[in-house]
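Here the structure is laid out as structure tokens; the discussion comes afterwards.
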Amino acid sequence: MALLENQISANNKAGKQEISQDQLLKILSNKDLTKFQQSKVNLLLATTFRSINDYSSAINYLKKAKIISSDIIGEDSLKMNIKAEMAFAYFDNRKYDKSNEIIQQIKKENYQNLDPTNHAYIIMQEGYINFLQGKYPLSEKLYQQSLPLLKKNSPCDQPVVMVKQMQLNAALNNFEKVDEIYKNCIKISDYCAIIKYKIYATEELITIYQRVENKEKVLQYKKTLDKLNEIYNRENKLSEMHVSNQNFLEKETETEKTNSTLGLILTLILGTALVVSAIIYFKNNKKHHLEKLKFEEELKSIKQELQVYAEAQFSQIKSENNILKSEKLNARQKKLLELVAKGFSNREIAEKLSITEATVKYHLGNIYAILDIKNRKEIFGKIIDN
């Protein structure tokens, strides 16, 4: 579940909510899921919909997650984080009374079993609600409590709190502090390469200076904002073009891949299936013991020939392949990926690397996440395309 959670978070931050939704709904259709897994998937669906401002859908999924988790003994962390996500959904939808009601419940429970990052956000949101009520000292105190938690557990998200501090200092007419916080905001956003936070901070700075009618500052930062939006739109356009291009290339080469590499894999699988069938058949018929041995040897020979062919095909593309040289993968992952590319099964890979099949599956899961792929078919697609 931790791997899935990281995948969904990465997709949502990259604006790939459709991929998140599709992946989660497919998992949810599995009737063998435990109640914990069902609840967790509903929670992840809620965070996905909240990230595109669909608060109604987010709250519906959270209600389902809450009902399912209520039947689970223990798992207090899951239940607490469902509660926190509900507070976030109401807060983002500007239903501050409902959000604050949940925040106070969490506070009474001393934030126990709450994810550290969610803990920071809960405190920050309580600070903002106090800011709206004109309780500035308490608001600043809560912001100061929230920031160290974020700095420790999710440092790139500090601008979320810092922009709130800009608002507070503007209300106190401390514009030097506003400018100082803004500069720090930009530094963190640049370091983390999150242009959205730069846009968020700049938009708020423009609003602040519009209220005090500082036309010079407004004009200055509007120019900055225009440049940021231009970069952001260009990045989105390039991303969309890249996705469209990849889809086109995948369709264009689908037949070729099926007839070459995938055909080889299917042949190996069928060969293995024939071996198993032959063993079952001859096991029940002792009269054919010699035929069984002969047949097994022939099939073994065929499989070895296919394996040699697979390795030869692999060697032709290895020298030019970028995926196998990717710095994202460690040496162990590259070795495992190389064996997959040569057509070895999980069991064969486990034997070659002296590890269990479960460990092979674990490493493959990590490789899929790193390379943004779903299965073996896409591994071959990546290798051939690169």
Side-chain angles (χ1 to χ4, degrees), residues 9 12-17 47-55 58 87-96 99 117 120-121 123-134 136 139-140 142-144 146-147 150-151 154-240:
S9 176
N12 291 346
K13 284 183 178 179
K16 300 177 181 178
Q17 283 84 0
T47 62
T48 298
F49 278 98
R50 183 168 70 87
S51 70
I52 54 172
N53 303 329
D54 185 349
Y55 305 116
F88 301 153
Y90 283 129
F91 183 91
D92 289 351
N93 201 23
R94 299 186 181 183
K95 294 183 178 180
Y96 298 121
S99 179
T117 301
Y121 283 137
I123 294 174
M124 179 271 291
Q125 291 183 352
E126 184 184 5
Y128 185 73
I129 290 170
N130 278 282
F131 167 74
L132 293 176
Q133 296 171 350
Y136 297 155
S139 176
E140 175 59 19
L142 291 167
Y143 290 158
Q144 290 293 348
S146 177
L147 266 178
L150 272 183
K151 188 174 182 179
S154 188
C156 289
D157 291 323
Q158 290 179 86
V160 175
V161 178
M162 296 169 75
V163 170
K164 296 287 189 291
Q165 288 182 313
M166 286 167 56
Q167 295 171 336
L168 174 60
N169 280 280
L172 296 171
N173 294 319
N174 189 349
F175 295 104
E176 285 186 11
K177 188 67 175 177
V178 169
D179 289 338
E180 179 188 334
I181 295 171
Y182 173 77
K183 288 177 182 177
N184 289 331
C185 232
I186 298 301
K187 284 181 182 178
I188 293 171
S189 301
D190 279 336
Y191 180 80
C192 297
I194 304 178
I195 194 169
K196 274 189 173 183
Y197 283 159
K198 292 175 73 173
I199 291 173
Y200 175 42
T202 305
E203 285 177 338
E204 184 55 40
L205 195 64
I206 290 170
T207 301
I208 287 170
Y209 282 119
Q210 281 177 333
R211 286 174 183 160
V212 294
E213 298 183 354
N214 189 329
K215 295 180 180 179
E216 184 180 344
K217 289 276 191 179
V218 170
L219 181 61
Q220 175 188 342
Y221 289 110
K222 273 190 175 180
K223 289 179 179 177
T224 301
L225 183 61
D226 287 342
K227 290 178 182 177
L228 290 172
N229 280 324
E230 185 180 340
I231 295 168
Y232 183 66
N233 292 334
R234 187 166 64 246
E235 286 182 355
N236 283 348
K237 184 71 174 177
L238 287 170
S239 178
E240 289 171 7

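Just so we're clear, the structure is a prediction, and the values are computed from it rather than from any experiment. We number each residue from 1, following the sequence as shown.
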Would you name the heavy atoms of [X] and [Y] that are closest together and state the gap between them?
| X | Y | answer |
| --- | --- | --- |
| Ile181 | Met162 | CG2-O, 3.3 Å |
| Met166 | Leu205 | CE-CD1, 3.8 Å |
| Gln158 | Leu150 | CA-CD1, 4.1 Å |
| Ala87 | Ser99 | O-OG, 3.0 Å |
| Ala170 | Val178 | N-CG2, 3.6 Å |
| Val161 | Tyr143 | CG1-O, 3.9 Å |

### Task
Please assess Phe175 against Asn214 for the test side chain to side chain contact (heavy atoms under 4.5 Å, CB included), listing each intermediate value before the final yes or no.
CA-CA 11 Å; Phe175 295 104; Asn214 189 329; over 6 Å; no

[Y] versus [X], side-chain donor and acceptor atoms under 3.5 Å:
| X | Y | value |
| --- | --- | --- |
| Glu140 | Gln144 | yes |
| Tyr55 | Asn53 | yes |
| Asp190 | Tyr197 | no |
| Ser189 | Tyr200 | no |

### Message
Using the rule given for side chain to side chain contact (heavy atoms under 4.5 Å, CB included), can you reason through Gln165 versus Met124, listing the C-alpha separation, both sets of side-chain angles and the distance that settles it, and then say yes or no?
### Response
CA-CA 10 Å; Gln165 288 182 313; Met124 179 271 291; over 6 Å; no

### Task
Step by step, work out the side chain to side chain contact (heavy atoms under 4.5 Å, CB included) result for Asp157 and Tyr121.
CA-CA 10 Å; Asp157 291 323; Tyr121 283 137; 3.3 Å; yes

### Query
Got Ile188 and Pro155 here, is their nearest side-chain heavy-atom distance under 4.5 Å?
no

### Task
Answer whether the closest heavy-atom distance between the side chains of Gln133 and Phe131 falls below 4.5 Å.
no

Give, for atom [atom1] of [X] and atom [atom2] of [Y], the distance between the pair rounded to the nearest 0.5 Å.
| X | Y | atom1 | atom2 | answer |
| --- | --- | --- | --- | --- |
| Ile199 | Thr224 | CD1 | OG1 | 11.5 Å |
| Lys198 | Tyr182 | NZ | OH | 8.0 Å |
| Leu228 | Lys223 | CG | NZ | 14.5 Å |
| Thr48 | Ile52 | OG1 | CD1 | 8.0 Å |
| Asp226 | Glu230 | CG | CD | 8.5 Å |
| Ile129 | Glu126 | CD1 | CD | 7.5 Å |

### Query
How about Lys217: does its NZ atom have over 12 heavy atoms from other parts shown lying under 6.0 Å from it?
yes

### Message
Set out, in order, the CA-CA distance, both residues' side-chain angles and the distance that settles side chain to side chain contact (heavy atoms under 4.5 Å, CB included) for Asp54 and Arg50, then state yes or no.
### Response
CA-CA 5 Å; Asp54 185 349; Arg50 183 168 70 87; over 6 Å; no

### Message
Can you see whether Tyr128 has Lys164 sitting over its ring - NZ or CZ less than 6.0 Å from the centre and within 45° of the normal?
### Response
yes

### Query
Is there a donor-acceptor pair closer than 3.5 Å between any side-chain N or O of Asn93 and the backbone N or O of Ala89?
no

### Query
Are the side chain of Ser146 and the backbone of Ala120 linked by a donor-acceptor contact shorter than 3.5 Å?
yes

